[in-house]
Amino acid sequence: MKKILVTGGAGYIGSHTVVDLIEAGYEVVVADNFHNSRPAALEGVRAITGKTVRHYDVDLADRDATLAMFAEHDFAGAIHFAAYKLVGESVDKPLEYYRNNLNSLLNVIEGLQLQGNSNLVFSSSCSVYGNADELPVTEDTPRKTAESPYAMTKQLGEDIISDYCKTRPDFKAILLRYFNPAGAHESGLIGEDPSNPPSNLVPVITGVAAGNLAFDKMTVFGTDYPTRDGSNVRDYIHVQDLARAHTLALEYVMGEKMKSNIDLFNLGIGDGLTVLEVIEAFEKVNGVKLNYELGARRAGDVVAVYADRTKATEVLGWEPQRGVDEIMRTAWAWETKANKAG
Ligand code: WQD
């Protein structure tokens, strides 16, 4: 059985990907220091799959601790999720974002190479496109100025991997540019469960509606954008569809079909929704009225971004199965679950 390292495997996308990997027959080891996740996620993975994963509570920005973990295993591949990920927070805390996100990646690359193996799937982001001139964005759309330190750490992460691949033909990597992950596992046993109060749209919607947050009204950050209703456009992708894409990408990078030792894919459903349309879908699917107001723009936001996902479908055979209604149904079920940690 091939053994896979999943860094950030107790996180939102990470935990859903661990489930998909186990169900695909892989042995999984998780490295996660619970900076923005909880041990309950790994309990949820066990409840869904019946498997208890080996877990390291390691700070991946700590080189010695990270290399010590790699020394104990021979991973067939690694999926690197572990990073600070909030656009708004990164504007306020740039040094923490650069130090954590870049040092963690450097240590994971070194660990993979020290053990002689070299198949890496890297969690990148549509935010590398900045305010793209063309929509939908394809993998050939030029990256523009990063609109936040978070986006810059993803651009730099891609460049670090690309430069390293040039020097090491035996090092293979796939860069996955996510659009906006949302929703929760159909079992209701895992979902978005950040250690800190959420700032992403969907958990803010469900948190406000459920009365689980410190504020009882959500703010739409800007309705004066050049979009069909003035609010920002994003490509919302169900987290289970996103998880499936990671298993397919891992099999591609471990396989023999890559044309070179690096490739990249957009992971979005290929459709854009405005913030107001997302709110409308939430209210319609769940029969719940959301308390919200129209407010000022948020620093770091791009106007609109959504994917052309042709390449992931044609090369990886990836077909997203779920739309915004399933996102809202599963997100609400997760938020309102009686025994949700938090
Ligand atoms: C979405 C839209 C906000 C909260 C995310 C992740 C980032 C990366 C890219 C993967 C924006 C609006 C939000 C609120 C609002 N993902 N909004 N009121 O900024 O697109 O970035 O996707 O790598 O990790 O953070 O996502 O959910 O914060 O915002 O109006 O209370 O919702 O302005 O237009 P964003 P988001």
Side-chain angles (χ1 to χ4, degrees), residues 8 11-14 16-17 36 80-91 97 101 122-132 137 146-155 157-158 175-183 192 194 196-209 213-239 242-243 245-246 264-269 272-282 290-307 324 327 331:
Y12 175 40
I13 309 169
H16 288 80
T17 300
N36 189 27
H80 180 49
F81 290 104
Y84 298 165
K85 70 162 193 174
L86 300 181
V87 170
E89 182 185 58
S90 77
V91 174
Y97 269 68
N101 290 6
F122 175 65
S123 165
S124 187
S125 165
C126 64
S127 51
V128 303
Y129 292 111
N131 262 308
V137 291
E147 296 285 331
S148 65
Y150 162 80
M152 180 60 92
T153 68
K154 293 301 184 181
Q155 287 188 351
E158 292 188 351
L175 313 176
L176 297 181
R177 292 174 176 171
Y178 311 152
F179 285 69
N180 286 56
E192 194 156 11
N196 312 303
S199 67
N200 282 33
L201 179 64
V202 172
V204 167
I205 289 174
T206 59
V208 165
L213 299 181
F215 49 94
D216 64 358
K217 185 183 290 186
M218 181 214 145
T219 302
V220 174
F221 293 142
T223 51
D224 60 345
Y225 286 100
T227 64
R228 50 182 176 266
D229 63 19
S231 62
N232 284 148
V233 174
R234 295 288 186 275
D235 182 329
Y236 295 92
I237 173 168
H238 194 285
V239 66
L242 193 54
H246 283 76
L264 70 92
F265 297 91
N266 284 338
L267 295 182
I269 66 166
L273 290 175
T274 70
V275 174
L276 293 171
E277 289 166 345
V278 172
I279 292 171
E280 185 185 350
F282 167 75
L290 177 70
N291 183 21
Y292 68 94
E293 64 186 353
L294 308 183
R297 295 183 175 191
R298 178 177 69 176
D301 273 336
V302 300
V303 179
V305 64
Y306 56 95
V324 67
I327 284 175

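Whatever order the structure lists ligands and atoms in, that order sets their numbers, starting from 1. Computed from a prediction, not measured in an experiment: that's the story for all the values here.
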Purely on distance, is any nitrogen or oxygen of [X] under 3.5 Å from one on ligand 1?
X: K85; result: yes
X: Y150; result: yes
X: V204; result: no
X: F221; result: yes

### Message
Could you tell me, atom by atom, which parts of ligand 1 come under 4.0 Å of a heavy atom of V220?
### Response
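Contacts of ligand 1 toward V220, numbered from 1: 30 (O).
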
### Message
If the cut-off is 4.0 Å to any non-hydrogen atom of N180, which atoms of ligand 1 fall inside it?
### Response
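This gives 1 (C), 5 (C), 20 (O), 22 (O), 26 (O), 35 (P) as the contact atoms.
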
Distance to 0.1 Å, residue and atom name: give those for the protein heavy atom nearest to [atom].
atom: atom 21 (O) of ligand 1; value: V87 CG2, 3.6 Å
atom: atom 4 (C) of ligand 1; value: S199 O, 3.3 Å
atom: atom 6 (C) of ligand 1; value: N200 ND2, 3.8 Å
atom: atom 19 (O) of ligand 1; value: R298 NH2, 2.7 Å
atom: atom 12 (C) of ligand 1; value: V275 CG2, 3.8 Å
atom: atom 11 (C) of ligand 1; value: N232 OD1, 3.7 Å

Check whether any side-chain heavy atom of [X] sits under 4.5 Å from a side-chain heavy atom of [Y], and report yes or no.
X: Y129; Y: R177; result: yes
X: L273; Y: V324; result: yes
X: Y292; Y: T219; result: no

Measure [X] to ligand 1 on non-hydrogen atoms and call it side chain, backbone, both or neither using the 4.0 Å cut-off.
X: T219; value: backbone
X: S231; value: neither
X: R234; value: side chain
X: M218; value: side chain
X: D301; value: side chain

### Query
atom 16 (N) of ligand 1: which of Y178, Y225, F179 has the nearest heavy atom?
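The residue whose heavy atom sits nearest atom 16 (N) of ligand 1 is F179.
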
### Message
Which option wins on minimum heavy-atom distance to atom 13 (C) of ligand 1: L201, I13, L294?
### Response
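Of the listed residues, L201 has the closest heavy atom.
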
### Query
Any chance CD of E277 has more than 12 other-residue heavy atoms, nucleotides or ligands included, within less than 6.0 Å?
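For E277, atom CD is crowded (more than 12 foreign heavy atoms under 6.0 Å).
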
### Query
For the ring pair H246 and F265, is the centre-to-centre distance below 6.0 Å?
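Centroid separation for H246 and F265: 6.0 Å or greater.
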
### Task
For N200 and V202, run side-chain contact (heavy atoms from CB on, under 4.5 Å): C-alpha distance rounded to whole Å, both residues' side-chain angles, the deciding distance at 0.1 Å, then the answer.
CA-CA 6 Å; N200 282 33; V202 172; over 6 Å; no

### Task
In sequence, state the C-alpha distance, the side-chain angles, and the governing distance for D216 and N291, and then conclude on side-chain contact (heavy atoms from CB on, under 4.5 Å).
CA-CA 7 Å; D216 64 358; N291 183 21; 4.2 Å; yes

### Query
Does S127 come within less than 4.0 Å of ligand 1, judged by its heavy atoms?
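Distance cut 4.0 Å: S127 fails for ligand 1.
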
### Query
Y236: heavy atom below 4.0 Å from ligand 1, yes or no?
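It does; at least one heavy atom falls under 4.0 Å.
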
### Message
Strictly distance-based, threshold 3.5 Å: is any side-chain N or O of Y12 a donor or acceptor partner for the main-chain N or O of A182?
### Response
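Yes; at least one donor-acceptor contact below 3.5 Å.
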
### Task
Report yes or no: do Y84 and S90 form a side-chain donor-acceptor pair below 3.5 Å?
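No.
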
### Task
Tell me yes or no: between the side chains of E89 and Y150, is some donor less than 3.5 Å from an acceptor?
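The answer is no; no qualifying pair exists.
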
### Query
When you look at R234 and F179, which way does the side-chain contact (heavy atoms from CB on, under 4.5 Å) test go after all the steps?
CA-CA 7 Å; R234 295 288 186 275; F179 285 69; over 6 Å; no

### Message
Under a 4.0 Å threshold between the charged nitrogen and the carboxylate oxygen, would E192 count as salt-bridged to K85?
### Response
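Yes, this pair counts.
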
#### Entry: Set of residues satisfying side-chain contact (heavy atoms from CB on, under 4.5 Å) with respect to A151, sequence neighbours excluded
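In terms of side-chain contact (heavy atoms from CB on, under 4.5 Å), with neighbours along the sequence ignored, A151 is linked to S127, A146, S148.
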
